[in-house]
Amino acid sequence: MTPFSSGDADLRDAKRVQQLVQEACPDWIVLAAAYTDVDGCEGNPELAFSVNRDGAVNITAAAKQTGARLLFLSSDYVFDGRKTAPYETDDTRNPQSVYGRTKAEAEIKLLALMPDCCIVRTSWLFGGGGKCFPDSILKLAATRPALDVVNDQRGSPTYTVDLARALIQLCRKNASGILHATNAGDCTWFELAQEIIRGAGLPTIVRPLSSQQMARPAPRPAYSVLSPASMHRLHIEMPAWRDALRRYLERRLRPAI
Ligand SMILES: NC(=O)c1ccc[n+]([C@@H]2O[C@H](COP(=O)([O-])OP(=O)(O)OC[C@H]3O[C@@H](n4cnc5c(N)ncnc54)[C@H](OP(=O)(O)O)[C@@H]3O)[C@@H](O)[C@H]2O)c1
């Protein structure tokens with residue numbers, strides 16, 4: 001497995017992307033890179049589309065040239081959040097934010113260019129190696145007696161370690177088409193914050209807030225739980241989000257030796 005970062009190639013640079021893919025000559029390309037700042041995308045739609053949609057097209061063209069398979073990471077934000085039962089892979093896309101539109105348009109373009117590509121929608125990622133919700137909550141809880149957290153958006157928190165394991169299985173199974181890969185179960189951000197505080201053994205009080213009370217530039221879906229049926233059809237079961245969070249906190253809070 002060879003990891004590449006933005007230092008190796010900018011997704012928007014088709015020539016450099018092609019050169020890198022030709023040199024690496026992989027069996028599979030897992031495209032996780034994206035402009036992921038959802039509120040940033042809302043204010044910079046040109047940048048968002050050029051990285052998330054056109055950059056993904058550049059990778060796909062390079063994959064086609066070398067005969068590599070492609071796994072593209074997409075998002076629960078391709079849906080509008082009006083459903084009250086888990087989204088299936090063939091539910092209609094109706095993104096409400098620029099970020100969601102960039103991912104939805106990328107999906108459509110990639111499937112047209114490479115019909116056997118693998119599109120994996122995931123949601124609410126947390127894990128080591130970057131900013132994530134549990135880290136933000138722990139940081140805030142260290143200095144504040146109470147935290148206000150949105151309680152009217154429901155989704156499935158997903159540990160990057162569990163997602164990475166699932167992606168490896170998908171490649172080994174030669175998967176194609178659209179799949180939904182998240183940790184099992186769902187919650188609101190408020191419920192997730194409560195579980196983080198409880199798991200870390202902190203006295204901080206968590207109070208529920210509405211999205212309206214915490215207006216942000218990009219709208220978020222009220223409900224974006226993704227059905228595990230597509231993974232179950234491939235006999236892949238992902239752990240429950242509470243178990244995933246417990247493992248993450250154990251690792252994160254373990255005293256340094
Ligand atoms: N986070 C979530 O909750 C979530 C939910 C659903 C789906 N996803 C999808 O899952 C994937 C991973 O998300 P994440 O939150 O882990 O991402 P992340 O931490 O924001 O990392 C994104 C990576 O993309 C790189 N990147 C950005 N613009 C680039 C460009 N023009 N060329 C090359 N590389 C570029 C960044 O490099 P630099 O750091 O050097 O800029 C960074 O390493 C993304 O495709 C995202 O859309 C995420």
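Below, all heavy atoms of this structure are taken into account, side chains as well, without hydrogens, waters or symmetry copies. Indexing begins at 1, ligand by ligand and atom by atom, following the structure's order. As the structure is a computational prediction, the values presented were derived from the model and not from experiment.
Within the 6.0 Å centre-distance limit, the rings of Trp189 and Phe133 are counted as a close aromatic pair.
With no hydrogens or angles considered, no side-chain donor-acceptor pair links Ser210 and Asp152 at under 3.5 Å. Side-chain contact of Glu88 with Ser227: a donor-acceptor pair under 3.5 Å is present, judged by distance alone.
Proximity of Lys103 to ligand 1, defined as any heavy-atom pair under 4.0 Å, is confined to the side chain (atoms from C-beta onward). The proximity of Ser74 to ligand 1, defined as any non-hydrogen pair under 4.0 Å, is limited to the backbone. Of the heavy atoms in Leu125, both backbone and side-chain atoms come closer than 4.0 Å to ligand 1.
Under a 4.0 Å criterion applied to the non-hydrogen atoms of Leu11, ligand 1 contributes the atoms 30 (C), 31 (N), 32 (N), 33 (C). Listed by atom number, the atoms of ligand 1 under 4.0 Å from Val51 heavy atoms are 28 (N), 31 (N). Heavy-atom proximity to Trp124, at under 4.0 Å, picks out these atoms of ligand 1: 3 (O), 5 (C). Heavy-atom proximity to Ser75, at under 4.0 Å, picks out these atoms of ligand 1: 6 (C), 7 (C). Listed by number with element, the atoms of ligand 1 under 4.0 Å from a non-hydrogen atom of Ala32 are 11 (C), 12 (C), 44 (C), 45 (O). Shown in contact with Ala9 at under 4.0 Å from a heavy atom are these atoms of ligand 1, numbered in order with element: 32 (N), 33 (C). Near Ser6, the atoms of ligand 1 lying under 4.0 angstrom from a non-hydrogen atom of the residue are 33 (C), 34 (N), 35 (C), 37 (O), 38 (P), 40 (O).
Under a hydrophobic clustering in which Ile, Leu, Val, Met, Phe, Trp and Tyr are joined whenever their side-chain heavy atoms come within less than 4.5 Å, directly or via other members, Leu202 and Phe190 fall into the same cluster. Residue Val30 is grouped with residue Met231 when hydrophobic side chains (ILVMFWY) are merged at heavy-atom distances under 4.5 angstrom, including chains of intermediate members.
Ligand 1 has no N or O atom lying under 3.5 Å from any N or O atom of Ser123, backbone or side chain. When only interatomic distances are considered, the shortest N/O to N/O separation between Tyr99 and ligand 1 falls below 3.5 Å.
Between Gly129 and ligand 1 there is no heavy-atom distance shorter than 4.0 Å.
Proximity of atom 3 (O) of ligand 1 to the protein is indicated by at least one non-hydrogen atom lying closer than 4.0 angstrom.
Looking only at heavy atoms of the protein, atom 31 (N) of ligand 1 is closest to Asp10 OD1, 3.0 Å. Protein heavy atom in closest approach to atom 6 (C) of ligand 1: Thr122 O, 3.1 Å.
With respect to the salt-bridge test (charged N to carboxylate O, under 4.0 angstrom), the residues Glu191 and Arg154 qualify. The existence of a salt bridge linking Glu250 and Arg254 is excluded, since no basic side-chain nitrogen approaches an acidic carboxylate oxygen closer than 4.0 Å. Look at Asp10 and Arg16 and you find no salt bridge, because none of the NZ, NE, NH1 or NH2 atoms lies under 4.0 Å from a carboxylate O. The pair Asp54-Arg12 does not count as a salt bridge, with every side-chain nitrogen at least 4.0 angstrom from each carboxylate oxygen.
Taking all heavy atoms of Thr36, Leu31, Val17 into account, the minimum distance to atom 14 (P) of ligand 1 is reached by Thr36.
For the side chain to side chain contact (heavy atoms under 4.5 Å, CB included) with Trp124, the lone residue among Asp76, Thr158, Thr182 that qualifies is Asp76.
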